Amino acid sequence: GESLGSIKQGAPLAEATTTSLEALRLLARADELRNSGQPAEAVPLLERALELDQDFAMAWRMLAVLLRNTGVDQERAIMAASRAFELRHRLTDREAAQAEAYYRYTVEGDLSAAVSVYQRLLDRHPDDGTALNNIGVMLQTQRRFSQAVPYLQRATARPSPSLSNFAMLIQALWGSGNLESAWAALEGLEGLGTDVGLLRRHQLLAASGRWEDAIEIARQELEARPTLTPQVTTRSLIASYSLALGQYSEALDLLSDARRIAFSFEAPGLYLHTAGKLRLALAALHEDPATRQQTLEAVLEGVEASDFNLSRRESRGVLGAVVMAGGLETAREAFEHWLEAVPVTRQGAQYRMHEAELRIFEALANGDRERAASLFSELHEEISACEAFCVWAEERGRIEDELGNIEAALDMYQGHLSAGGFVPESTVWTPMVLERLADLSLGRADTVTARSHLERLVITYEAGNGPFPAYASRARASLASLN
């Protein structure tokens with residue numbers, strides 16, 4: 001999410017644009033909490049500051065960022081971003097530009113317009129941490145990780161880099177396939193002396209295939225960070241890591257806990273974009289149609305169309321997951337609801353990504369694989385870049401496979417294996433991907449590669465539960481036939 005580094009550096013009182021010293025004190029304390037990894041605790045302080053001064057533009061802007069990043073009350077987050085934009089004349093030129101860029105991205109969904117505003121800000125202030133950080137975040141939204149890296153490296157090289165600067169740099173390096181540099185950047189994040197580094201550490205352990213170690217560190221994070229977002233998000237990640245080990249029932253328990261926590265804080269959107277999305281992927285791939293429908297209804301119970309909030313960076317993939325689980329009409333409704341708040345003139349990159357994803361999965365729901373394959377090509381070539389791997393690589397691989405486009409299928413399947421859990425839902429696909437890679441290798445008389453994939457299936461899933469031991473059983477039978 002956005003860094004508030006420029007606020008952290010401190011604006012003179014005359015620039016703070018409030019007549020209330022108490023409101024200013026509350027803002028400063030809220031920012032301290034936010035930068036120490038406690039955003040949920042900062043929100044009530046900002047609300048109190050705004051009770052004292054309804055025109056405190058800087059407090060509205062920070063509130064918008066924190067509500068959006070924590071996944072709590074997204075309608076309030078949009079209102080706060082809109083209010084900060086309306087009051088930008090009460091901000092410094094620097095803060096006004098940040099408020100405008102944030103509004104363009106989060107309210108209007110126009111990623112390109114937001115990047116342009118930040119670029120103009122960097123022309124005037126080359127070291128602006130918020131602009132550098134958020135351009136990096138937005139480029140990653142388009143999966144342009146290599147392009148994001150230089151901006152985030154500049155952000156971390158400043159005298160007082162934020163947690164977000166390092167966290168986003170690690171993610172960009174990981175997404176561009178540079179794990180060694182990502183580990184080096186983690187040292188910088190952990191050097192800031194907070195528990196936030198635990199998140200990136202267990203993610204990089206997962207990327208390295210060290211799933212058990214990743215689970216151990218993730219559980220440490222749960223103990224160290226008792227606030228809403230890590231309690232929901234990290235449980236979802238542990239569930240993903242557990243699935244990589246074939247631990248289906250353990251994953252279901254974690255996803256259930258994540259739902260309970262999110263809904264207890266009235267944050268259905270946070271649940272949907274994390275645990276809910278993973279649960280839908282599990283249903284789509286590993287449940288019969290009747291059970292899948294029950295799962296879809298259970299996941300969406302208490303979730304409104306507004307909770308999809310497709311302006312969120314984390315919303316990528318949620319429409320596809322819903323359609324795969326049988327919720328085409330629900331996905332359409334959520335998309336249309338979002339469009340009502342997005343002016344036609346501002347339907348930029350974010351709109352194009354969601355619209356492309358919905359069209360792909362509509363085609364699949366209608367049984368039109370050739371159209372889906374064509375739309376995937378458009379997505380990957382024109383909208384969402386493929387660097388170390390492609391978004392929805394597994395599903396595109398399966399479609400190309402069914403159409404007989406074996407080379408394209410192999411490319412997508414191999415991309416999945418190299419992703420290393422970058423997308424939490426990817427671990428749901430791994431047994432299917434390994435099984436198909438083994439079959440395709442046997443079709444090419446490449447018994448060495450086939451054996452490698454089959455042995456991995458046995459080792460990983462034989463001691464698992466749920467649907468996973470069946471993959472190991474079939475793999476063992478195939479290995480026996482090779483001997």
Side-chain angles (χ1 to χ4, degrees), residues 1-12 27-39 41-42 58 61-62 64-66 68-70 92 94-95 97-99 101-102 105 114-115 117-141 144-176 178-204 207 221 224-225 227 229-230 313:
E2 175 174 352
S3 163
L4 291 175
S6 59
I7 295 177
K8 183 180 178 182
Q9 293 166 6
L27 175 82
R29 177 56 182 153
D31 193 44
E32 289 176 4
L33 290 170
R34 182 257 180 255
N35 282 290
S36 64
Q38 303 177 72
E41 287 79 357
M58 194 179 291
R61 198 177 82 77
M62 190 187 294
V65 172
L66 295 186
R68 185 171 186 273
N69 287 355
T70 58
T92 65
R94 194 168 184 165
E95 281 286 326
Q98 292 169 353
Y102 200 71
Y105 178 46
V115 169
V117 175
Y118 282 132
Q119 290 283 16
R120 291 196 299 271
L121 177 57
L122 287 175
D123 289 341
R124 301 191 302 274
H125 303 282
D127 65 341
D128 187 275
T130 298
L132 291 168
N133 185 85
N134 287 1
I135 289 177
V137 169
M138 292 173 188
L139 287 170
Q140 289 189 68
T141 298
R144 302 184 188 280
F145 300 106
S146 297
Q147 294 177 34
V149 166
Y151 289 99
L152 296 166
Q153 286 175 329
R154 286 169 58 187
T156 57
R158 295 176 306 120
S160 300
S162 71
L163 298 176
S164 178
N165 297 156
F166 278 106
M168 290 298 105
L169 175 59
I170 292 166
Q171 183 167 290
L173 290 166
W174 177 15
S176 61
N178 195 341
L179 268 182
E180 183 177 349
S181 295
W183 279 107
L186 178 64
E187 295 180 8
L189 176 59
E190 293 179 332
L192 296 179
T194 76
D195 298 318
V196 177
L198 292 170
L199 169 63
R200 291 301 188 230
R201 175 166 288 277
H202 63 72
Q203 287 178 318
L204 291 181
E221 186 197 2
R225 303 179 68 198
T227 53
T229 300
R313 181 164 49 92

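All values reported here derive from a predicted model rather than from experimental measurement.
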Problem - Sidechain N-carboxylate O distance under 4.0 Å for R94, D127 - result: yes
Practice task
Output all residues satisfying side chain to side chain contact (heavy atoms under 4.5 Å, CB included) with A148, sequence neighbours left out; order by chain, then residue number.
Solution key: L139, Q140, L152, A172
Practice task
For R120 and A97, indicate whether the former's side chain and the latter's backbone hold a donor-acceptor pair under 3.5 Å.
Solution key: no
Problem - Side chain proximity check, Y118 to V115, heavy atoms < 4.5 angstrom - result: no
Exercise for the section: Starting at CD of E41, measure out to CZ of R29 and round the result to the nearest 0.5 Å. Expected result: 9.5 Å
Problem - Polar side-chain atom of N165 near backbone of S162 as donor-acceptor pair, under 3.5 Å - result: yes
Completion exercise
CD of Q38 to CZ of R225, rounded to nearest 0.5 Å, is 9.5 Å
Practice task
Any chance you could measure L204, atom CG, to W174, atom CH2, to the nearest 0.5 Å?
Solution key: 6.5 Å
Problem - Check: M58 main-chain N/O paired with R61 side-chain donor or acceptor under 3.5 Å - result: no
Handout entry: Spacing of CZ belonging to R154 relative to CG belonging to N133, to within rounding of 0.5 Å
Key = 12.5 Å
Handout entry: Minimum side-chain heavy-atom gap Q98-D128 below 4.5 Å
Key = yes
Problem - Y102 to V65 - nearest heavy-atom pair and separation - result: OH-CA, 3.2 Å
Exercise for the section: Please name the pair of heavy atoms, one in L132 and one in P126, separated by the smallest distance, quoted to 0.1 Å. Expected result: CD1-O, 3.9 Å
Completion exercise
Between A155 and R158 the two heavy atoms that sit nearest each other are O-NE, 3.0 Å
Problem - Heavy-atom closest pair, residues E190 and G197 - result: OE2-O, 4.0 Å
Exercise for the section: Would you mind reporting whether Q171 and R200 have side-chain heavy atoms less than 4.5 Å apart? Expected result: yes
Handout entry: Heavy-atom check, side chain of S164 versus side chain of R34, under 4.5 Å
Key = yes
Practice task
Please step through side-chain contact (heavy atoms from CB on, under 4.5 Å) for the pair Y105 and N134, ending with a clear verdict.
Solution key: CA-CA 10 Å; Y105 178 46; N134 287 1; over 6 Å; no
Problem - Smallest separation among heavy atoms of V149 and S176, with atom names - result: CG2-OG, 4.4 Å
Problem - Set of side chain to side chain contact (heavy atoms under 4.5 Å, CB included) partners for S181, sequence neighbours left out - result: L173, N178
Practice task
Give the minimum heavy-atom separation between L66 and A42, together with the two atoms involved.
Solution key: CD1-CB, 3.6 Å
Practice task
Measure the spacing between OG1 of T227 and CG of L33 and express it to the nearest 0.5 Å.
Solution key: 10.5 Å
Fill in the blank from the handout: dist R201:CZ -> L186:CG (nearest 0.5 Å) comes out at 5.0 Å
Problem - L122 vs Y151 side-chain heavy atoms within contact, under 4.5 Å - result: yes
